[in-house]
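The structure appears right after this line, and notes come after that.
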Amino acid sequence: MMVSEILKDIIIENANNLFKIKIDKNIKLEIPPSKQMGDFAFPIGFNLSKELKQNPFSIVEKLSDNINSNQNLIKTEPARPGFLNIFLTNDFIKDLVKKNFEKENFDFPKKDRKVIIEFVSANPTGPLHIGHGRWAALGDSIARLLEKVGYDVYREFYVNDAGKQIENLKKTVVALRKGEQIPEDGYRGEYIKEAINEDNPHLYFLDQQKKTLERFNVFFNNFFHETQVYNNITHAIESLKAKGLIYERDGAIWFKSTEYGDDKDRVLIKSDGSYTYFAPDIAYHLTKIERGFDWIIDILGADHHGYVNRLSAAIKALSNREVRFSIIIGQLVNLFRDKEPVRMSKRTGDIITLDEVIDEIGKDALRYILVSKKASQSIDFDIEEVKRKSKSSPVFYIQYAFARINSILSKVGDYNLDTDNFSLDNMNNSERELLIEIIKFKDTIFQAAIDMEPHILANYLLNISGIFHNFYETSRVIDNGIVVEHRLFIIKAVSNVLKEGLKILGIESPEKM
RNA sequence: GUGCCAAUAGCUCAGCUGGAUAGAGCAAUAGCCUUCUAAGCUAUUGGUCAGAGGUUCGAUUCCUCUUUGGCACGCCA
């Protein structure tokens with residue numbers, strides 16, 4: 001159980017009994033600005049003051065007395081102007097850590113919900129670039145987070161292997177092979193030459209993309225090819241037609257997407273009889289619905305945000321608004337080389353590939369950079385600056401904490417740690433701080449998962465690592481040859497937290513550095 | 001022109017559904033290795049939270065306008 005839930009239950013129960021009013025389960029829990037004030041705090045006096053017609057401080061004063069006389073997990077203190085500050089007792093801390101963090105793979109109860117998350121979905125016309133890397137890192141971590149909190153997660157990559165760009169790619173390769181000039185719509189990057197002898201160059205690039213993703217520690221359950229869906233387009237259009245959402249105008253077939261919140265209707269079949277890009281996309285998303293997913297998540301770059309309304313309209317229409325649909329629009333990665341902007345374009349061939357950056361700074365440092373910022377924030381990525389700073393990357397700070405713990409644990413060796421043997425009384429500040437931070441891990445995971453924001457976890461790991469390094473300086477686990485049991489207990493829990501956290505971010509936990 | 005995302009320390013970014021003195025990493029300065037890894041620790045320096053209004057007991061957080069930057073506005077993919 002998450003500590004936030006336990007605390008909320010205590011507060012709500014006491015407030016209900018004391019004031020005889022119903023209290024919202026979503027009361028706000030926060031962290032006080034200073035440790036002396038408490039481990040947690042509820043600004044609950046403000047919320048209740050209107051309803052109870054009392055001043056906020058006297059409310060929390062009464063509530064605090066009531067709570068303190070009713071249970072012994074926590075001690076509370078009222079604080080002006082209306083906060084209820086919470087201190088966990090040592091026994092409660094020990095119990096929480098023991099229950100939740102003594103072993104790895106502590107899990108949340110399984111939910112019976114199937115989620116499909118689609119990400120990367122790059123065109124198979126060249127290598128993945130650093131922008132794709134962001135979606136890869138983000139999507140993979142979100143998938144792992146959702147899995148962690150109990151969802152049944154399916155990862156899918158949509159391969160655009162049916163459009164005009166595939167034709168253009170082929171033409172380019174053929175022209176190169178014959179030594180002719182590259183056609184107007186062709187691709188000009190140097191990398192095209194790698195596929196010069198391929199009959200299906202897009203399959204070559206797809207294969208290359210898969211290898212890149214694999215070394216980036218990003219895996220998919222399925223690569224869904226656009227060509228697979230072409231037979232279903234008629235079916236999709238018929239489904240919309242059955243709902244009265246299809247009409248003909250100017251010789252084209254239109255989808256009445258405005259009925260579901262789009263700002264204008266969209267063409268599905270052009271007047272020349274060919275499909276727009278949107279048509280197979282609808283058919284593809286219909287398969288997601290028909291494959292029985294309860295929740296569809298798409299991760300798209302900001303350059304596709306204009307697409308959100310029509311896609312969302314299609315899904316609402318086809319699922320009768322029953323399937324949950326989330327689109328995460330990630331802002332783009334702006335590339336620089338020593339402060340000079342690099343315009344990435346496959347047409348002109350000026351790109352920085354994901355492989356290149358992984359080679360330069362390593363998978364772990366790159367994944368950390370890409371996932372430590374929230375998706376709605378665009379990233380300025382200066383390849384030269386990142387290279388210079390790669391050795392001081394925050395990711396090593398976290399990994400180093402893990403390696404240090406591992407080193408201690410291997411020195412301790414087999415040690416039969418009995419949690420009944422020691423008490424947590426007389427803890428020093430850094431020991432206590434570390435324990436409180438450990439306890440926050442489950443809430444952090446949950447928050448990051450439901451918000452679909454892995455950066456919350458990334459920041460948490462950096463923070464707890466800092467607390468650990470401080471602990472390391474002040475508190476010896478093996479002191480003059482004797483194992484200090486409660487410290488061993490603490491570092492084992494930290495080790496599990498770091499390992500789990502890094503795993504979710506797709507980052508290694510090296511035992512030595 | 002319209003819409004979407006943003007603007008916080010010298011740099012890169014956090015700041016959870018509005019709450020108590022705005023944080024971290026990097027960079028800079030000064031210290032710390034005869035006991036578990038110095039990829040570490042401690043201390044110091046550094047912010048009119050783009051600007052102006054508004055809502056509120058309370059605003060970096062919500063609303064409006066302005067400025068600046070990125071992106072998108074096709075019977076392209």
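Below, chains carry the letters A, B, ... as their sequence lines are ordered, and counting in each starts from 1.
Counting only heavy atoms from C-beta on, A:I478 has its side chain closest to B:C36 among B:G19, B:C71, B:C36. Taking every side-chain heavy atom of A:K389 into account, B:C11 is the closest of B:G3, B:G18, B:C11. Ranking B:A72, B:G70, B:C75 by closeness to the A:H305 side chain, first place goes to B:A72. Side-chain proximity of A:T276 to B:C4, B:C5, B:A77: nearest is B:A77. Taking only side-chain atoms of A:N480, from C-beta outward, the nucleotide of B:G74, B:C16, B:U35 with the closest atom is B:U35. Of the candidates B:C41, B:A77, B:A14, B:A14 carries the atom nearest the A:K373 side chain, counting heavy atoms from C-beta on.
With both ends at atom P, the span from B:A39 to B:U35 equals 15 Å, rounded to whole Å. On the P atoms, B:A50 is 14 Å away from B:C16, given to the nearest whole Å. For the C1' atoms, the distance from B:A7 to B:G40 is 35 Å, rounded to whole Å. With P as the reference atom, B:C4 and B:U12 are 26 Å apart, rounded to whole Å. Nucleotides B:C62 and B:C49 have their P atoms positioned 16 Å apart, rounded to a whole Å. The P atoms of B:G23 and B:G47 are separated by 14 Å, rounded to the nearest whole Å. Only the P atoms considered, B:A20 is 14 Å distant from B:G58, to the nearest whole Å. Distance check on atom P: B:A14 versus B:U66 gives 26 Å, rounded to whole Å.
Among the heavy atoms of the strands lying under 4.0 Å from A:K374 are primed sugar atoms or P, OP1, OP2 only; no base atom is included. A:R249 comes within 4.0 angstrom of a nucleotide base, judged by non-hydrogen atoms across all strands. Base engagement by A:P32 is indicated by at least one non-hydrogen atom pair under 4.0 Å involving a base atom. Using a 4.0 Å heavy-atom distance criterion, A:S271 is classed as a base contact. The residue A:N85 sits close to a base: some heavy atom pair falls under 4.0 Å. Heavy atoms of A:A302 sit under 4.0 angstrom from primed sugar atoms or phosphate atoms, though from no base atom.
Taking the ring pair (Phe, Tyr, Trp, His ring centres under 6.0 Å) definition, one finds that A:F108 meets it with nothing, sequence neighbours left out. Considering only residues two or more places apart in sequence or on other chains, A:S475 meets the side chain to side chain contact (heavy atoms under 4.5 Å, CB included) condition with A:N428, A:S430, A:E431, A:F471, A:R487. Partners of A:P33 by side chain to side chain contact (heavy atoms under 4.5 Å, CB included), not counting sequence neighbours, listed by chain and number: A:M37. Legend: residues meeting ring pair (Phe, Tyr, Trp, His ring centres under 6.0 Å) with A:Y460, ordered by chain and number and at least two apart, are A:F441. In this structure, the side chain to side chain contact (heavy atoms under 4.5 Å, CB included) partners of A:E238, at least two apart in sequence or on a different chain, are A:T234, A:K241. Checked against side chain to side chain contact (heavy atoms under 4.5 Å, CB included), A:V483 has the following partners two or more places apart in sequence or in another chain: A:V412, A:Y415, A:L488. A search for salt bridge (charged side-chain N to carboxylate O under 4.0 Å, His left out) contacts involving A:E5 returns nothing, not counting sequence neighbours.
Look at A:R266 and you won't find any side-chain N or O under 4.0 angstrom from OP1 or OP2 of B:G74. Listed pair A:S376 / B:C5 fails the phosphate criterion, with no side-chain N or O lying under 4.0 Å from OP1 or OP2. For the OP1/OP2 pair of B:G19 and a distance below 4.0 Å, the side-chain nitrogens and oxygens of A:K28 include at least one atom meeting the criterion. Checking the phosphate oxygens (OP1, OP2) of B:A77, a side-chain nitrogen or oxygen of A:K270 falls inside 4.0 Å.
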Exercise for review: Start with the C-alpha gap between A:E118 and A:Y284, add the side-chain angles, then the distance that decides, and say whether side chain to side chain contact (heavy atoms under 4.5 Å, CB included) holds.
Suggested key: CA-CA 11 Å; A:E118 181 207 330; A:Y284 170 48; 3.3 Å; yes
Exercise for review: Please report the C-alpha distance between A:D161 and A:H202 in whole Å, then the side-chain angles of each, then the deciding distance to 0.1 Å, and finally whether the side-chain hydrogen bond (donor to acceptor under 3.5 Å, both in side chains) criterion is met.
Suggested key: CA-CA 7 Å; A:D161 60 348; A:H202 72 279; 4.8 Å; no
Practice item. Evaluate side-chain hydrogen bond (donor to acceptor under 3.5 Å, both in side chains) for A:Q447 paired with A:D451, printing each intermediate quantity in order. Key: CA-CA 6 Å; A:Q447 190 69 40; A:D451 291 349; 2.8 Å; yes
**Study point:** Verdict with supporting geometry, A:D364 and A:Q399, side-chain hydrogen bond (donor to acceptor under 3.5 Å, both in side chains)
**Key:** CA-CA 10 Å; A:D364 289 343; A:Q399 290 178 323; 2.9 Å; yes
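Of the residues in residues 33-42 of chain A, those placing a heavy atom less than 4.0 Å from an atom of RNA chain B are A:P33, A:S34, A:M37, A:A41, in numerical order. Contacts between residues 450-477 of chain A and RNA chain B, counted as heavy-atom distances below 4.0 Å, involve A:H455, A:N459, A:L462, A:H469, A:N470, A:Y472, A:E473, A:S475, A:R476, A:V477. Looking at residues 377-388 of chain A, you'll see A:Q377, A:S378, A:I379, A:D380, A:E385 sit with a heavy atom under 4.0 Å from some atom of RNA chain B.
Residue side chain A:F46 fails the stacking definition with respect to B:G58, as its ring centre and the base's six-membered ring centre are not both under 5.5 angstrom apart and under 30 degrees in plane angle. By the 5.5 angstrom centroid cut-off and the 30-degree plane limit, A:Y397 is classified as not stacked against the base of B:A39.
Cation-pi geometry between A:K288 and A:F325 is not met at under 6.0 angstrom from the ring centre and within 45 degrees of the axis. The side-chain tip of A:R404 does not point at the ring of A:F468 from less than 6.0 angstrom away and within 45° of straight on.
Here the options are A:Y275, A:F255, A:Y277, the test is side chain to side chain contact (heavy atoms under 4.5 Å, CB included), and the partner is A:L268; only A:F255 passes. When A:I74, A:L7, A:I436 are each tested for a side chain to side chain contact (heavy atoms under 4.5 Å, CB included) with A:D39, only one passes: A:I436.
Glycosidic conformation of B:C33: syn, with the torsion inside 90° of 0.
Note: CG (A:N168) to C1' (B:C76) measures 11 Å, nearest angstrom. Here B:G69 presents its C1' atom at 13 Å from CG of A:L332, a figure rounded to the nearest Å.
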Report, one line per pair, each donor and acceptor closer than 3.5 Å where one atom sits in a side chain of residues 504-513 of chain A; sequence neighbours left out.
residue	atom	partner	partner atom	Å
A:E508	OE2	A:K363	NZ	2.5

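Residue-to-nucleotide proximity on RNA chain B shows that, of A:S274 and A:K411, the 5′-proximal contact is made by A:K411. Of the residues near RNA chain B, A:D250 and A:M513, the one whose nearest nucleotide (by heavy atom distance) lies more toward the 5' end is A:M513.
Enclosure of atom NZ in A:K499 is not indicated, since only 12 or fewer non-hydrogen atoms of other residues, nucleotides or ligands lie within 6.0 angstrom.
Taking a pair as Watson-Crick or G-U wobble with both distances under 3.5 Å, RNA chain B forms stems of 3 or more consecutive pairs at B:1-7 with B:67-73, B:10-13 with B:23-26, B:28-32 with B:40-44, B:50-54 with B:62-66.
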